[in-house]
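Some notes on the structure that comes next.
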Amino acid sequence: MAMKMSLKLNSLQSIWYCVFVVVTHAYLVISAFYHYHRVRQMDWPDGTLPKPELGLYMLCVTAALLITILFIPTQIFQVGNNANDRTKLGVEKGDQGPPKWKGGLKAKLVFVRRYTKHLGPVGATMHIVSAFCLLLPVMFLQAREIEHGLLPPQSIWRSEVSLVPVIEMDRAPSPPPLIDTDLMNTNQPDLKPHVKEPPYKVSMVTINYINYVTALVVYAILYGDVFWFCHKGFALLLSVQLMFNAIQYSLGFIGVSLLYKLHTYGWDKYGIPEPAVVSSAAGLVGLFLTNNITIFLSAVVMFLYGYTRMKESELRKRKNNVEDGKCSVVYKGNALRCQGYIPHMGALCVLVIFIICKSPLIVEYLRAFRHQGDPRLLACMLYDIFYIFFWAFLWVVFALKREWNFNFAYLDKVQSVNEESSQSAGSTGSLNDSGMKNDIKLSFVNHYNQDIHQRHNTDNVTEVKMSPKLHMTNNMPQASEKYSPKRLRNGSATAEECQLLHQKQEHEPIQNGVLNTSMNGRPV
């Protein structure tokens, strides 16, 4: 059986976001190719050309280009991912059970789609990965340039965000005389710079780094927005946690880039008396990448917690919308297994990995800061400590708070319909006697006979093909048959009988419950 494929355009914000990313990455990729050729043409000592680093640089740039190409359709069209397609939870019915991997290709595609639609925004994730590919290999080349003397050792402290000293020049010359009578006067205005102590510093940020931070911020906004309809408080909390993740990504890259160049050049060679905690620069990069993957998983764990609380809230509301406290539809998904404590176990694993990865980095930040006094190292150290305690405190609060009240549009509609039905049933409960039931039924029969009578008058023919239930004869039935409820109910009354019935209703009420009344008792 062929699967139906339909393409739907994404939102206008997504399309403009796509334009911004494509233009930015096109500029950065072209700049990366120029940077690659510039590094190859530098005066490297014999046999010291960093071919592995150059190969990795081109591999990362090519990967960023391919990911950017794949990024385009995810923003123009909807891809089934809630965060990417701006879909809100609680608006439509969710999944009623876990998908099964067993089956054909269609079942496997359904399985993948059911789980990937709850991940972070696909487009923003591609933006983060491509921006990281353009950013990471730059520090490898800079470290080799410093190691082989093509850059001074002070370049270790140059990164994507640098504090550059700016010397203020005093070039204000004294005004010359209006009429210079001395033709041999060769005095020129004093244009020599006069340094004003102390010099001040400004922050210089590269476009690569701005692009990376932008992707992280967009990811935090879009992923938190998924809960905005059903619970604005939790959506805001998730977005704040993702913003903390964005700061962690950003500061972590700055700190690791400084430490990596310091490791490549040598701690002892630079004059730092305390030894490094990590034995090699490659091990430092491994810790950094493991920490980044763990930060990504922390966002998934946080989302899973909100999703489990949402499903529990949905079950409670379903039980309140039916009689006898029995739920009409029971969710049997994986989100409610282990009594909903799967996110807590995941958060504990994330905390352990954070402590393992961040502890060596914190110690190295502290030792390098003691010697250099760079405020960026201090910021990285303090924020890593803060983030570990924040993550632990957040999940202690989540463990204490079990119940969350989420909003569901489809359940609210069912509840409103049930309330209207109960109100209408209560208003007509006193009228449910046999006489009123007959009146309502005969009102329908009366309209049916009127319709037959009107069709008979508009035919204007002497011979008409009659229905088996309508007997047009010259012999008028007896009076007792004219008003027989049975004949009126089964539709066998003739047109003359219907006309006599209406004339009778105008003068006196019909007995035996034949009076045609509406719900309020007035004649129709």
Side-chain angles (χ1 to χ4, degrees), residues 10 13-42 44 49-77 79 81 84 120-146 150-151 155 158-162 164 203-222 246 249-254 256-258 260-261 264 285 288-289 292-293 295-296:
N10 213 335
Q13 300 95 313
S14 299
I15 295 176
W16 278 111
Y17 172 56
C18 177
V19 173
F20 165 76
V21 173
V22 170
V23 172
T24 304
H25 282 205
Y27 169 77
L28 293 176
V29 168
I30 294 174
S31 301
F33 280 108
Y34 278 108
H35 182 68
Y36 173 81
H37 289 291
R38 185 188 66 81
V39 172
R40 287 188 64 91
Q41 293 174 1
M42 295 177 69
W44 294 91
L49 181 66
K51 293 182 179 180
E53 284 78 5
L54 288 172
L56 179 62
Y57 185 79
M58 288 305 301
L59 180 63
C60 290
V61 172
T62 305
L65 179 60
L66 294 178
I67 294 173
T68 304
I69 295 174
L70 295 176
F71 165 83
I72 296 175
T74 65
Q75 299 306 295
I76 298 178
F77 303 104
V79 294
N81 178 259
N84 187 83
V122 175
T125 304
M126 290 184 174
H127 186 190
I128 293 173
V129 175
S130 59
F132 187 72
C133 289
L134 292 172
L135 190 63
L136 180 65
V138 176
M139 74 176 185
F140 298 145
L141 293 178
Q142 289 179 353
R144 291 303 178 188
E145 292 173 8
I146 296 171
L150 299 178
L151 289 176
S155 299
R158 289 178 55 190
S159 65
E160 303 299 324
V161 178
S162 302
V164 181
S203 298
M204 303 296 292
V205 185
T206 62
I207 300 179
N208 261 330
Y209 190 75
I210 295 175
N211 180 45
Y212 183 55
V213 173
T214 302
L216 295 172
V217 172
V218 172
Y219 184 94
I221 295 174
L222 294 183
Y249 280 119
S250 306
L251 282 178
F253 179 81
I254 296 298
V256 169
S257 65
L258 298 177
Y260 180 83
K261 288 180 285 187
T264 304
V285 174
F288 171 64
L289 294 179
N292 280 8
I293 295 173
I295 295 173
F296 175 80

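Atom set for the values below is all heavy atoms of this structure, side chains included, hydrogens, waters and symmetry mates excluded. Residues: numbered from 1 along the sequence shown.
- Nearest heavy atom pair, residue T74 against residue F71, reads OG1-O, 2.5 Å.
- Of the possible polar contacts, none joining the Y212 side chain to the S130 backbone as a donor-acceptor pair under 3.5 Å is found.
- Side-chain contact check for L222 versus V218: some heavy-atom pair is nearer than 4.5 Å.
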(request) For L216 and S250, run side-chain contact (heavy atoms from CB on, under 4.5 Å): C-alpha distance rounded to whole Å, both residues' side-chain angles, the deciding distance at 0.1 Å, then the answer. (result) CA-CA 9 Å; L216 295 172; S250 306; 3.6 Å; yes
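- Across all their heavy atoms, L135 and N208 have their closest contact at CD1-CB, 3.6 Å.
- Classification of the F132-F253 ring pair by plane angle, with boundaries at 30° and 60°, yields perpendicular.
- A donor and an acceptor atom, one from each side chain of R40 and H37, are nowhere located under 3.5 Å apart.
- For the pair P121 and N81, the tightest heavy-atom approach, listed with the atom from each and the gap, is CA-OD1, 3.4 Å.
- Rounding to the nearest 0.5 angstrom, the gap separating the CD1 atom in I67 from the CD1 atom in I128 is 11.5 Å.
- A ring-centre distance under 6.0 Å is found for Y260 and F140.
- Put simply, the side chain of M58 does not reach to within 4.5 Å of the side chain of L54, judged on heavy atoms.
- To the nearest 0.5 angstrom, I15 atom CD1 is 12.5 Å from I72 atom CD1.
- Residues M139 and K261 approach most closely at O-CG, 4.3 Å, considering heavy atoms.
- Here the closest heavy-atom approach between residue S155 and residue L151 is recorded as OG-CB, 3.8 Å.
- Atoms CG and CG, on N292 and L136 in that order, are 9.0 Å from each other to the nearest 0.5 Å.
- T206 places none of its side-chain heavy atoms less than 4.5 Å from the side chain of I210.
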(message) Using the rule given for side-chain contact (heavy atoms from CB on, under 4.5 Å), can you reason through V61 versus V29, listing the C-alpha separation, both sets of side-chain angles and the distance that settles it, and then say yes or no?
(response) CA-CA 7 Å; V61 172; V29 168; 4.1 Å; yes
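- Nearest approach of A131 to H25, heavy atoms of both residues: N-CE1, 4.1 Å.
- For the pair N10/N84, a side-chain contact is recorded, criterion being any heavy-atom separation below 4.5 Å from C-beta on.
- Taking the six-membered ring for Trp and thresholds of 30 and 60 degrees, Y57 and Y36 have nearly parallel ring planes, at less than 30 degrees apart.
- A distance of 5.0 Å separates OG of S14 from CD of Q75, quoted to the nearest 0.5 Å.
- To the nearest 0.5 angstrom, I207 atom CD1 is 4.0 Å from Y27 atom OH.
- Looking at E53 and V39, their side chains never come closer than 4.5 Å, going by heavy atoms from C-beta outward.
- E145 is listed as a side-chain neighbour of W44, based on a closest heavy-atom distance under 4.5 Å.
- Interatomic distance, CD1 of I30 versus NE2 of H35, reported as 16.0 Å (0.5 Å rounding).
- Residues passing the salt bridge (charged side-chain N to carboxylate O under 4.0 Å, His left out) test with E160: none are found, sequence neighbours excluded.
- T24 contributes no side-chain N or O that, together with a main-chain N or O of V21, makes up a donor-acceptor pair within less than 3.5 Å.
- Within the 4.5 Å cutoff, side-chain heavy atoms of Y209 are placed close to those of V213.
- Looking at H127 and Y219, their side chains never bring a donor and an acceptor atom within 3.5 Å of each other.
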